[in-house]
There are 2 protein chains.
Amino acid sequence: MPNQPNLDQLFHALADPTRRAMVERLGHGPASVGELAQPLAMSLPSVLQHVQVLEAGGLVRTEKVGRVRTCRLEPEALSLAERWIHERRAGWERRLDRLGDFLAGDDDLNG
Amino acid sequence: MPNQPNLDQLFHALADPTRRAMVERLGHGPASVGELAQPLAMSLPSVLQHVQVLEAGGLVRTEKVGRVRTCRLEPEALSLAERWIHERRAGWERRLDRLGDFLAGDDDLNG
DNA sequence: CGGTTGGTTAGGCATGTGGCTAAGTATTTC
DNA sequence: GAAATACTTAGCCACATGCCTAACCAACCG
């Protein structure tokens, strides 16, 4: 267990296009920090910073072997975020359904 | 490519516990700014700021009638976020499936 | 009209974020 | 062991965030 991701850090990690691009990239397979940096027109330290934010959000797990740090996606975090959003949306829709019933004049709801 | 210009603001809006609490609150029905403020132990201007962040992220729509501003949830935004996450997670799982096939020594994949 | 209510604007402050360069560390590789 | 590689750390800077208070509208209420 590397990181118990909290929603603050998780959503914060996703709130940046560079980091979302990294997530997409890692969706196709693990990559080193340097590989992540290549398409990014950004210095290596900045890339590393982003990786660390992703790690703090639990989205990415990294492992250093030799001098190369390999990053891979941690899908549980994505799943957690998805679940949070889905639950809120589901609750909203349930409410709308009841409202719809009410507006339809469904008097049977009383009995 | 699937870089909707407002995913930044959307996820940023969700990356704060106060704002997520507001989203949950609004999931139970519309509320005025003051009503949103009540459980929050925070000054009204700060609350308003959060509301504006939610609005910028498309999560909330507000309407001012008389002197009271009513806020309500905009579920399309939640849906957008959910979709983005789901697509990435689906892609990842597809990859893992293929990897599983490969590791199972399924040579037929070549032919 | 005058006061109260509900929100808004303005401005200030501490901290966080995202970027950089320069210099350091730890592995290969020669 | 020197040089190249792949990060990593440290330090700096500009701007954004999240909070506050004080002052300012704009409805309502009487």
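Letters A, B, ... are given to chains in the order of the sequence lines, protein chains preceding strands, and every chain is numbered from 1. The figures here come from the full heavy-atom set of this structure, side chains too, leaving out hydrogens, waters and symmetry mates. These figures come from a predicted structure and were not determined experimentally.
Using a 30° and 60° split on the angle between ring planes, B:Phe11 and A:Phe11 fall in the parallel class, below 30°.
A salt bridge is defined here as a Lys NZ or Arg NE, NH1 or NH2 lying under 4.0 Å from an Asp or Glu carboxylate O, and B:Arg69 with B:Glu63 fails to meet this definition. Remark: A:Glu82 engages B:Arg89 in a salt bridge, criterion side-chain N to carboxylate O under 4.0 Å. Salt-bridge annotation for A:Arg61 and A:Glu55: absent, with no side-chain N of the basic residue lying under 4.0 Å from a carboxylate O of the acidic one.
As rounded to whole Å, 14 Å separates atom P of D:dA16 from atom CG of A:Asp16. Protein atom CD of A:Gln9 is 14 Å distant from nucleotide atom C1' of C:dT17, rounded to whole Å. In this entry the distance linking NE2 of B:His50 with P of C:dT8 reads 15 Å, nearest Å. Between the P atom of D:dT8 and the CD atom of A:Gln52 lies a distance of 8 Å, rounded to the nearest Å. For the pair B:Leu48 CG and D:dC19 P, the interatomic distance rounds to 13 Å; values are reported in whole Å. At whole-Å resolution of the value, CE in A:Met42 and P in D:dT8 are 17 Å apart. Residue B:Met22 contributes atom CE, which lies 11 Å from atom P of D:dG18 at whole-angstrom precision. D:dT17 atom C1' lies 11 Å from atom NE2 of A:His12, rounded to whole Å.
Remark on DNA chain C: of its neighbouring residues B:Val68 and A:Val53, the 5'-side contact belongs to B:Val68, judged by nearest-heavy-atom nucleotide.
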Checklist entry - side-chain contact (heavy atoms from CB on, under 4.5 Å) between B:Arg25 and B:Glu35: does it pass, once the steps are laid out? => result CA-CA 10 Å; B:Arg25 174 79 208 278; B:Glu35 283 167 348; 4.1 Å; yes
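Put simply, A:Lys64 has no side-chain N or O that comes within less than 4.0 Å of OP1 or OP2 on C:dA26. Regarding contacts with the backbone of C:dG6, every side-chain N or O of B:Arg69 stays at 4.0 angstrom or more from both OP1 and OP2. The phosphate of C:dG19 has neither OP1 nor OP2 within less than 4.0 Å of any side-chain N or O from A:Ser43. The side chain of A:Ser46 contributes no N or O atom lying less than 4.0 Å from OP1 or OP2 of C:dG18.
Taking A:His50 as the reference, A:Asp16, A:Thr18, A:Arg19, A:Met22, A:Met42 meet the side chain to side chain contact (heavy atoms under 4.5 Å, CB included) condition, with sequence neighbours excluded.
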At a cut-off of 3.5 Å, list every protein nitrogen or oxygen paired with a nitrogen or oxygen from nucleotides 27-30 of chain D, distance to 0.1 Å.
residue, atom, partner, partner atom, Å
D:dA27, N3, B:Arg67, NH1, 3.2

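Checking C:dG18, D:dG18, C:dG7 against every side-chain atom of B:Val33, the shortest atom distance belongs to C:dG7. Among the nucleotides C:dG7, D:dC19, D:dT8, the one closest to the side chain of B:Thr18 is D:dC19. Taking only side-chain atoms of B:Gln49, from C-beta outward, the nucleotide of D:dG18, C:dG18, C:dT8 with the closest atom is D:dG18.
In plain terms, the two heavy atoms of B:Leu10 and B:Ala77 that are nearest each other are CD1-O, 3.4 Å.
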